[in-house]
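Working notes, beginning with the structure itself.
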Amino acid sequence: MKAEEQLSLLRTQFPEEAEERRPREEQKGLPPLPEAEKGVVTRFAPNPDFVLHLGNARPALLSYVYAKEIYNGKMILRFEDTDPRIKTPLPEAYWAIKEDLKWLGIKWDEEYIQSMRMEIYYEQARELIKRGGAYIDLCNREEISKNRASRRACKHRLQSVEENLELFDRMISGFYGEGEAALRVKTDLNHPDPSVVDWIGMRIIDTSKHPHPLSGDRYVVWPTYNFAAGVDDHLLGVTHIIRGREHAQNTTKQMYLYTHMGWNYPYVVNVGRLKLEGFILSKSKIRTILAKYPGRFEGHADPRFGTLAGLRSRGILAETIRETILGLGVKPSDASISWDNLASLNRKKLDLGTRRLMMVIDPVKLYIEGFPEELLVVRIPYHPDNKSLGERELRIGVDKTGPYVYISRKDLEMVMNSTKQARLVELANVEITSTIRSDPPIAMAKYISRDLETARKRGMPIIQWVSHNPVKALLRDPVGLRYNIYRGFIESSAIALEDQVYQLLRIGFVKIVEKSEKKILLLKIHE
RNA sequence: GCCGCGGUAGUAUAGCCCGGACAAGUAUGCGGGCCUUUCGAGCCCGUGACCCGGGUUCAAAUCCCGGCCGCGGCACCA
C-alpha cells in the first residue's frame, strides 16, 4: 500500500489520529546543543605556534556563536603553549591569533595562557597522585613502549603515593633530564590503543636548551596537551567542547583523568577538517614553502595562502567566511569549500558598495573618426544601481590624428571577428574600419551614434575603454601559488579615489596593493 | 595492521537520533529566458543526489548486518 493510500485510509477510519500529525519544527541555523539549559561555556584553544587558517575558524566560530549568540553563555580563549621544544610558541602569534579572531567578529569573555598556569597543573598533578590516579615513571621511552605493546605494567606503577609525591618534587626541582621521568595517568592497561595506556601527563623539557618565549627556563616539567586541556576545561567550567575531529582519541584519554578526579566531562562536539579548493591551509606546508622560497611570498598573510590573514589580504570578507562556515553545520565529516561558492557569496556582499572602474588589458589605441565634440567629456556614475557612490568625469584624449580611446586587444579581435561594431560603455557606438599592425598597435573606427538602443538592436558587444591620462596598471590574478600577470591601463579615478576595492568592468573584483601617481598594482579577488 | 568516525546532485549542506506529506529542501555550478550601458548583480524556468549488497518493516535516505571507499588517531605534539 502506498503511503498516500494508507493516509487516506487512516483519515477515513481514524480521523483524530490523522490530525495529530504535525510537521516537524523547522530548525533554522545550527542544531541545539545538548544540556544547554544549565548554561553554556565554550572555549577555543589554539596553539600559538602559527597563525590561524580557515579550518581553525570552524571550531572558533562555532564556539563563539553557540556560547554568545545562541545561549548567552561564555566563551574562553585559551592559548595552549605547553610544548616549548617541538611546537615552540611564536611570540607574535598570541597577538596575531587574537587579531584573526577579532576580524571574524569573535569576542571572548576570558583569556588564559597555559604557560602562565603551571603551578595550577602541578597542584592538580599532586592531587591526582594522592588519589592514586598517576605515578612517576622512571622508565625510558623504549621500556614504556615495550610495556605498552605487551600491556604490562612496570614497577613504578606500584609505587606508593608518598614515593610518587617525592619523585614528582624531584622532577620539578630539575633533578631529572629530558626523558628520564614522566608523570603517567593510570588507565586500563588493556585499552586497544597503546597510546591511551597510562598516557603521559607531564614530561621534562630542558628549557635551558628550549626556552619558552613567555616563561624562559623557569619550568622544566610541562603538562602534555591532554593533561593541561583536561584540567583547564574542568577548572574553567567549560560545558561544551567544540574541537577538531583529530582530538577524538584525546577525549578517551582525558576521561580517565576526569574519573580519577571525580569530575564530569564536558559535552564534546567533534567537527571535521576543512579544505579550501585551490588553497594550502596546512601550517607545516606554508612554513615549508616560506622557508624554501624566501622573498617570493608576503609571509603567512600572502593572499595565496588559506590562512585567515591570507584570505583577508585576498579581499575575502569576514562575513563571507562566517556564513560559509556556519553553513557547514557541525558534522564530524570533513568538508571541502569550493572557491566558486565562497567567491559567489563574497561577490554579492561586495557588489553594491563597490565602485566600478574600467581597465583595459593589453591596450590598443582606437582612433574614432567623426567623434562628436560634445562627447569629449562625459560623466559616468560609479555604480548604475547605487547612485550614492557618485560619478566621475572622463575625458577623451585627442592627439594630432584625432580623438582616441584604448580598448583591450582581445576585445578588438572579438569585434573584428563579428560585425565589427561595438558599444563603448556609456560613451558611443563605433564601427571598426581598420587595424594597423604597429607597436603599440593602432586601430581606426568610425563613430555611429551615442544611443544605447542602436547598440541593443544590433546586438553590439558592450566593451570598456580608457582614454585621456591613462594610468599603468598591473593586475595580479592568483592561480594556486602563482600569479598570472596582466598589464594595461586603468582610468585615473583609481588614483584619485581612496577606495581599496573596486569592480573592474568585465574583469572582476580587485584590491589595490600599491599605487603611485603613475602606476597601480592590483590583486584580483575573484570575478 | 589496530582503533575510531564518516559516505545525500559537480561542490557544500538540510533531512538520519524519533522510519510514513521525501518521486528528497537550500546554496553554488551548469543550461535556457527576462532584466540590466560588465562576461557582474537581480528575477524566472530547467538540470542534477540518498556508496553497494542483504535484512527488519505495511513502509527505509532514516533502523540492523556485511562490503567498498574516504578521513582521523595509534608521540614524553597540540
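Worth knowing before you read on, the calculation uses all heavy atoms, side chains too, and leaves out hydrogens, waters and symmetry mates. So you know, we letter chains A, B, ... as the sequences are listed, proteins then strands, and number each from 1.
Stacking of A:Arg287 on the aromatic ring of A:Phe50 is recorded, both the 6.0 Å distance cut-off and the 45° axial limit being met. Remark: A:Arg347 is not positioned above the aromatic ring of A:Phe509, lacking an NZ or CZ atom under 6.0 angstrom from the ring centre and at most 45 degrees off the axis. Both tests do not hold together for A:Arg184 against A:Tyr135: distance to the six-membered ring centre under 6.0 Å, angle to the ring axis within 45°.
For the pair A:Arg148 CZ and B:rG73 P, the interatomic distance rounds to 17 Å; values are reported in whole Å. Atom pair A:Met359:CE and B:rG40:C1' shows a separation of 17 Å (rounding to whole Å applied). Between A:Leu276 atom CG and B:rA12 atom C1' there is a gap of 12 Å when expressed in whole angstrom units. Nucleotide B:rC76 holds its C1' atom 6 Å from the CZ atom of A:Arg85, rounded to whole Å. We find that CG of A:Leu90 is positioned 19 Å from P of B:rC77, with the value rounded to whole Å. Taking atom CG on A:Asn140 and atom P on B:rA75, their separation rounds to 16 Å, with Å as the unit.
Judged by atom type and distance alone, A:Arg356 reaches the base of B:rU38 through a side-chain donor-acceptor pair under 3.5 Å.
Under 4.0 angstrom from either OP1 or OP2 of B:rC71 there lies no side-chain N or O belonging to A:Arg273. Note on A:Thr82: a side-chain N or O is less than 4.0 Å away from OP1 or OP2 of B:rA78. Close to B:rG72, at under 4.0 Å from its OP1 or OP2, lies no side-chain N or O of A:Arg243. Neither OP1 nor OP2 of B:rG73 sits under 4.0 Å from any side-chain N or O of A:Lys253. Using a 4.0 Å cut-off, some side-chain N or O of A:Arg347 falls inside it from OP1 or OP2 of B:rA41. Residue A:Arg203 places at least one side-chain N or O closer than 4.0 Å to OP1 or OP2 of B:rA78.
With ring centers used as reference points, A:His247 lies under 6.0 Å from A:Tyr225. Taking the six-membered ring for Trp and the full ring otherwise, the centers of A:Trp199 and A:Tyr256 sit at least 6.0 Å from each other.
Here the side chain of A:Ser344 is nearest to one of B:rG29, B:rU13, B:rA78, namely B:rG29.
Between A:His210 and A:Glu178 the shortest side-chain heavy-atom distance falls below 4.5 Å. Here the side chains of A:Ile463 and A:Met414 are in contact, with some heavy-atom distance below 4.5 Å.
Of the C1' atoms belonging to B:rA78 and B:rG42, the separation is 47 Å, rounded to the nearest Å. Annotation: B:rG29 and B:rG73 have their C1' atoms spaced 35 Å apart (nearest Å). Nucleotides B:rC30 and B:rA75 place their P atoms 46 Å apart, quoted to the nearest Å. Taking atom P in both B:rA12 and B:rA49, the straight-line distance is 16 Å, to the nearest Å. When the P atom is compared between B:rC45 and B:rC50, the two are found 24 Å apart, to the nearest whole Å.
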Heavy atoms under 4.0 Å is the rule here; annotate nucleotides 2-11 of chain B 5' to 3' with B where the base is hit, S where only the sugar-phosphate is, and - elsewhere.
--BBS----B
